[in-house]
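In this chain, numbering begins with 1 at the start of the sequence shown.
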Amino acid sequence: AKQLKRLEKAGVPIIWRPLHEASGGWFWWGAQGPDAYKKLWKYLYNELTNTYGCNNLIWVYNGQSADWYPGDEYVDIVGEDIYPGNHVYDPQVSRFKQAINYGSKTKITALTENGCIFDIDSAVSINALWCWFMTWGNEFTVNGSNYSEKYTEKSVIKKMYASKYSLTLGSLPKIYWHKLKTLRQANTCRSVFVTVFSLRYFWYNYHTISEHILLLYSTGSSIGIPS
């Protein structure tokens with residue numbers, strides 16, 4: 001909470017995705033079933049929001065099941081993690097429709113982790129409008145210092161970059177870059193990427209959020225568009 005308050009004082013909203021993939025059963029926070037998980041989520045929400053007053057958190061539910069959903073009042077965004085295999089470019093519309101129906105109110109819905117990058121034209125044609133997507137690192141993106149086509153071929157990622165429905169970091173407005181400079185000077189994190197956008201897509205390696213909200217993401221390295 002102390003570190004989250006530091007960012008709040010610096011004027012930085014945070015995409016907050018705690019207790020992810022709970023329904024899968026492979027993390028301790030999902031080991032006791034949906035009722036215990038929902039109690040834990042609400043406890044964490046209450047502690048950070050009401051006890052510590054962290055008002056800069058945008059809460060992302062990533063429990064992957066309607067049965068585990070803690071309630072609309074505790075969630076801002078719904079996220080799904082999907083690893084379909086190698087060279088599977090389906091936009092996963094069934095999972096998208098599932099996610100937007102978790103609560104009684106439609107939430108912004110994101111592909112919070114993915115293996116393959118989906119085909120952007122296919123996603124638009126069937127209205128699978130993921131707000132953002134974030135491809136996992138290591139073998140999903142690189143082989144040593146080079147781009148890896150093991151999961152997503154170069155043609156697919158180039159198509160995503162070139163699409164009129166996609167925004168890259170370089171095409172975003174730089175209204176928050178002064179904060180980026182300040183945070184780097186203050187050594188708040190090793191490396192910071194700040195992105196802002198109001199459309200429905202972005203490219204694969206940066207966390208971002210719609211409706212002109214700033215997201216800070218600390219990382220050690222990144223790669224660019226494959227040549």
J.: Can you tell me if NZ on Lys97 sees more than 12 non-hydrogen neighbours from other groups inside 6.0 Å?
T.: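 Check fails, neighbour count at 12 or below.
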J.: Heavy-atom distance under 4.5 Å between the side chains of Asn86 and Cys116, does that happen here?
T.: no
J.: Restricting to non-hydrogen atoms, name the atom on Leu48 and the atom on Ala1 that form the minimum distance, rounded to 0.1 Å.
T.: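 Looks like CD2-CB, 4.0 Å.
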J.: Between CH2 of Trp26 and CD of Glu21, what distance do you get to the nearest 0.5 Å?
T.: 5.5 Å
J.: Between the side chain of Thr109 and the main-chain N/O of Ala99, is any donor-acceptor distance below 3.5 Å?
T.: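 Checked: no pair found.
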J.: Rest of the hydrophobic cluster containing Ile126 (Ile/Leu/Val/Met/Phe/Trp/Tyr, side-chain heavy atoms under 4.5 Å)?
T.: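 When side chains under 4.5 Å apart are linked, the cluster holding Ile126 also contains Val93.
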J.: Looking only at heavy atoms, what is the nearest atom pair of Trp59 and Tyr74, with distance?
T.: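 That closest heavy-atom pairing would be CB-O, 3.7 Å.
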J.: In Å, rounded to the nearest 0.5 Å, how long is the span from OG1 of Thr152 to CG of Asp119?
T.: 11.0 Å
J.: Might you point out which heavy atoms bring Gln64 and Asp81 nearest each other, and give the distance in Å?
T.: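 In this case the closest contact between Gln64 and Asp81 is OE1-N, 2.7 Å.
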J.: Are Val156 and Tyr151 close enough that some pair of their side-chain heavy atoms sits under 4.5 Å apart?
T.: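 The answer is no; the side chains never approach within 4.5 Å.
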J.: I need the Ile157 CD1 to Ile117 CD1 distance, nearest 0.5 Å.
T.: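 Nearest 0.5 Å value for the CD1-CD1 distance: 4.0 Å.
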J.: Take Tyr52 and Lys2 through the side chain to side chain contact (heavy atoms under 4.5 Å, CB included) test and state the conclusion after the steps.
T.: CA-CA 8 Å; Tyr52 293 101; Lys2 180 179 180 180; over 6 Å; no
J.: If you draw a 6.0 Å radius around CG in Asn50, do more than 12 non-hydrogen atoms from other residues or ligands fall strictly inside?
T.: yes
J.: Side-chain heavy atoms nearer than 4.5 Å, only ILVMFWY residues, links allowed to pass through others: does that put Ile82 and Val124 together?
T.: yes
J.: Between Tyr37 and Leu19 (side chain of the first, backbone of the second, donor and acceptor by atom type, cut-off under 3.5 Å), is there such a pair?
T.: yes
J.: Looking at Asn146, is its backbone amide N or carbonyl O close enough to the side chain of Asn143 to form a donor-acceptor pair, meaning the two atoms are under 3.5 Å apart?
T.: no
J.: Given the rule in the ring pair (Phe, Tyr, Trp, His ring centres under 6.0 Å) test, do Phe27 and His20 qualify, once you have shown the distances and angles that lead to the verdict?
T.: CA-CA 8 Å; Phe27 294 118; His20 71 299; 4.7 Å; yes
J.: Taking the side chain as C-beta and beyond, is there a heavy-atom pair between Glu139 and Ser148 under 4.5 Å?
T.: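 Counting from C-beta outward, Glu139 and Ser148 never come under 4.5 Å.
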J.: Hey, does the side chain of Ser166 reach the backbone of Met160 with a donor-acceptor pair shorter than 3.5 angstrom?
T.: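 Confirmed, Ser166 side chain pairs with Met160 backbone.
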J.: Answer yes if the side chains of Tyr102 and Glu80 hold a donor-acceptor pair under 3.5 Å, and no otherwise.
T.: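 Looking only at side-chain atoms, Glu80 and Tyr102 do form a donor-acceptor pair, the distance falling under 3.5 Å.
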J.: Can you name the closest pair of heavy atoms from Trp130 and Pro91 and give their distance?
T.: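 Nearest heavy atoms, Trp130 then Pro91: NE1-O, 2.8 Å.
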J.: Is the shortest heavy-atom distance from the side chain of Tyr83 to the side chain of Trp136 under 4.5 Å?
T.: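 Side-chain contact under 4.5 Å: yes.
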J.: Mind checking the OH-CG spacing from Tyr69 to Asn101? Nearest 0.5 Å is all I need.
T.: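 It comes to 11.0 Å.
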J.: Backbone N or O of Gly79 within a donor-acceptor pair of the Asn62 side chain at under 3.5 Å?
T.: yes
J.: Among Ile58, Ile77, Leu4, exactly one meets side chain to side chain contact (heavy atoms under 4.5 Å, CB included) together with Trp16. Which residue is that?
T.: Leu4
J.: Answer yes or no: does atom CD of Glu47 have more than 12 heavy-atom neighbours from other residues, nucleotides or ligands under 6.0 Å?
T.: yes
J.: If you define the side chain from C-beta out and look only at heavy atoms, does anything of Phe140 sit under 4.5 Å from Asn114?
T.: no
J.: Spell out, as yes or no, whether a donor-acceptor pair under 3.5 Å connects the side chain of Asp72 to the backbone of Ser104.
T.: yes
J.: Is there a side-chain contact between Val60 and Thr112 (heavy atoms, below 4.5 Å)?
T.: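 Side chain of Val60 against side chain of Thr112, heavy atoms only: contact under 4.5 Å found.
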J.: So, taking the atom named NZ in Lys5 and the one named CD in Glu8, what distance separates them when rounded to the nearest 0.5 Å?
T.: 3.5 Å
J.: Taking all heavy atoms of Thr141 and all of Thr135, pick out the closest pair and write down the distance.
T.: CG2-CG2, 3.7 Å
J.: Supply the atom-to-atom distance Ser163 OG to Lys158 NZ, rounded to the nearest 0.5 angstrom.
T.: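 Rounded to the nearest 0.5 Å, the OG-NZ separation comes out at 16.0 Å.
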J.: Below 4.5 Å, heavy atoms only, C-beta onward: do Glu113 and Arg17 meet side chain to side chain?
T.: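 The answer is yes, as the side chains (C-beta and beyond) meet within the 4.5 Å cut-off.
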J.: Going through the distances and angles, do Asp121 and Lys159 end up as a side chain to side chain contact (heavy atoms under 4.5 Å, CB included)?
T.: CA-CA 9 Å; Asp121 290 338; Lys159 182 179 181 180; 2.9 Å; yes
J.: Heavy atoms only: give me the nearest Phe96-Asn127 pair and the separation to one decimal.
T.: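 Scanning both residues completely, I find the closest heavy atoms to be CE2-O, 3.7 Å.
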J.: With a 4.5 Å limit on heavy-atom distance, are the side chains of Leu57 and Tyr45 in contact?
T.: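 Sidechains of Tyr45 and Leu57: no contact.
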J.: Report the C-alpha separation of Trp68 and Tyr61 in whole Å, then their side-chain angles, then the decisive distance to 0.1 Å, and conclude whether the side chain to side chain contact (heavy atoms under 4.5 Å, CB included) test is met.
T.: CA-CA 9 Å; Trp68 297 62; Tyr61 167 73; 3.2 Å; yes
